[in-house]
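Reading through the structure tokens given below for one structure.
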Amino acid sequence: MINRSLTTNTILKTSAQAVEWRVSRGLVDYQDAITQMEHRVREIRAGHLCEQIWLLEHPQLYTAGTSARDEDLVDPNRFPVHQTGRGGQYTYHGPGQRVAYVMLDLTRRGSDVRAFVGALEEWIIASLAAFGISAERRADRVGVWVPRTDKGSDAEDKIAAIGIRVRKWVTYHGISINCDPDLEHFSGIVPCGVKEHGVTSFTDLGQPTSMGKLDDVLRRQFETTFGLTVDAP
């Protein structure tokens, strides 16, 4: 098992250049997003463009990571299914879910993928805490989890997923946080291959918020963990 919490300090604020912060309004086509990310990764690697965080929402769809199992796609005809090169298994994207694509150059940040994943978890957990949501990491499964004592002493639900890919030390794909998606849509898959726990959201937890407020907190906490940002042109 990976103890990611012990290595996040190798990632912190080691890039001299501010990270570009981009927010897209409306729904962004998934394949278009992949094309843009892949282009950005090449340009970052070549030194032509700076690192970028891209916040967006997708239409309703499922994505399959490199470890996805066929039997975990419960309802293959419900939404489009996209094969993707990120790590992990099946996940759902749709309106009401904040997706943050994280394109960072790890050669400037310690060249440690485990530390990078731990820093992503730290970023999410600190952001949720700002809204009064107590969330935790788990050593045996990636993502961010909320204990649900209202459902039982051992119950917990996932509120945020992490799935990344690294190409020549530049990261892409990233995280998704359930603000107010339709949680029933997760029933068409086994989310991240975990059957024994469920999924939750800000709204499901009785802590509804706007996407704009979530974005503001995400940016503030990102700067605490990773370094300064600048608005995208």
Side chain of [X], backbone of [Y]: donor and acceptor closer than 3.5 Å?
X: E20; Y: T229; value: no
X: T91; Y: P191; value: no
X: R141; Y: V194; value: no
X: D157; Y: G198; value: yes

Under 3.5 Å side-chain donor-acceptor pair for [X] and [Y]:
X: T84; Y: Y30; value: yes
X: Q89; Y: S67; value: no
X: W169; Y: S111; value: no

Contact summary for [X] and [Y], nearest pair of heavy atoms:
X: R165; Y: G85; value: CD-O, 3.3 Å
X: I53; Y: F222; value: CD1-CE1, 3.5 Å
X: G87; Y: T66; value: CA-OG1, 3.6 Å
X: P59; Y: V28; value: CD-O, 3.2 Å
X: T63; Y: L61; value: CG2-CD1, 3.4 Å

Under the side chain to side chain contact (heavy atoms under 4.5 Å, CB included) test, residues paired with [X] that sit two or more places apart:
X: A64; result: A68, Q83, Y90
X: E38; result: I34, R42, R167, Y172
X: V23; result: W21, R25, L55, R98, D215

**Item:** Note: R137-E156 ion pair, threshold 4.0 Å (strictly below)
**Value:**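 So R137 does not pair with E156 through a salt bridge.
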Going hydrophobic residue to hydrophobic residue with side-chain gaps under 4.5 angstrom, can you get from [X] over to [Y]?
X: F79; Y: I189; answer: yes
X: W54; Y: I175; answer: no
X: W123; Y: F131; answer: yes
X: I124; Y: V199; answer: no
X: V117; Y: V19; answer: yes

**Trace of the side-chain contact (heavy atoms from CB on, under 4.5 Å) decision for V170 with E43** = CA-CA 10 Å; V170 179; E43 294 298 290; over 6 Å; no
**Request:** Start with the C-alpha distance between V102 and L120, add both sets of side-chain angles, then the distance that settles side-chain contact (heavy atoms from CB on, under 4.5 Å), and finish with yes or no.
**Result:** CA-CA 9 Å; V102 181; L120 292 178; 4.2 Å; yes
Distance from [X] atom [atom1] to [Y] atom [atom2], nearest 0.5 Å?
X: D105; Y: E51; atom1: CG; atom2: CD; result: 6.0 Å
X: K168; Y: L106; atom1: NZ; atom2: CG; result: 15.0 Å
X: I177; Y: K158; atom1: CD1; atom2: NZ; result: 12.5 Å
X: M103; Y: L49; atom1: CE; atom2: CG; result: 10.5 Å
X: E121; Y: F116; atom1: CD; atom2: CZ; result: 11.0 Å
X: I133; Y: T200; atom1: CD1; atom2: OG1; result: 8.0 Å

Measure the shortest side-chain to side-chain distance between [X] and [Y] over non-hydrogen atoms and say whether it is less than 4.5 angstrom.
X: L205; Y: V146; value: yes
X: L73; Y: V81; value: yes
X: V74; Y: S187; value: no
X: I164; Y: V113; value: yes
X: S201; Y: P181; value: yes
X: V99; Y: H93; value: yes
X: C50; Y: I44; value: no
X: F202; Y: D180; value: no

**Request:** Show your reasoning for whether side-chain contact (heavy atoms from CB on, under 4.5 Å) applies to F186 and N178.
**Result:** CA-CA 11 Å; F186 284 90; N178 296 330; 3.7 Å; yes
May I have all residue pairs that pass salt bridge (charged side-chain N to carboxylate O under 4.0 Å, His left out) and include part of [range], sequence neighbours excluded?
range: residues 64-74; answer: R69-D72
range: residues 74-92; answer: D75-R78, R78-E184
range: residues 52-63; answer: none

**Prompt:** Given D204 and R148, is the salt bridge (charged side-chain N to carboxylate O under 4.0 Å, His left out) satisfied, shown in steps?
**Reply:** CA-CA 11 Å; D204 182 55; R148 300 300 303 269; 3.1 Å; yes
**Asked** Is the distance between the ring centroids of H82 and Y62 under 6.0 Å?
**Response**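 No: the rings miss the under 6.0 Å criterion.
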**Item:** H58/Y101 aromatic ring centres below 6.0 Å
**Value:**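 Yes: the rings meet the under 6.0 Å criterion.
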**Asked** Angle class for the H197/W145 ring planes (parallel below 30°, perpendicular above 60°, tilted otherwise)?
**Response**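 Because their plane-to-plane angle is over 60°, the rings of H197 and W145 count as perpendicular.
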**Request:** Output, in order, the C-alpha distance, side-chain angles, deciding distance and verdict of side-chain contact (heavy atoms from CB on, under 4.5 Å) for T224 and Q221.
**Result:** CA-CA 5 Å; T224 298; Q221 295 300 334; 4.3 Å; yes
**Message:** If you count heavy atoms of other groups shown closer than 6.0 angstrom to NZ of K213, is the number above 12?
**Reply:**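 No, NZ of K213 has 12 or fewer neighbouring heavy atoms, counting only those of other groups under 6.0 Å.
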**Asked** Just wondering, more than 12 heavy atoms not from D150 lying within 6.0 Å of its CG?
**Response**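 Enclosed: over 12 neighbouring heavy atoms sit under 6.0 Å from CG of D150.
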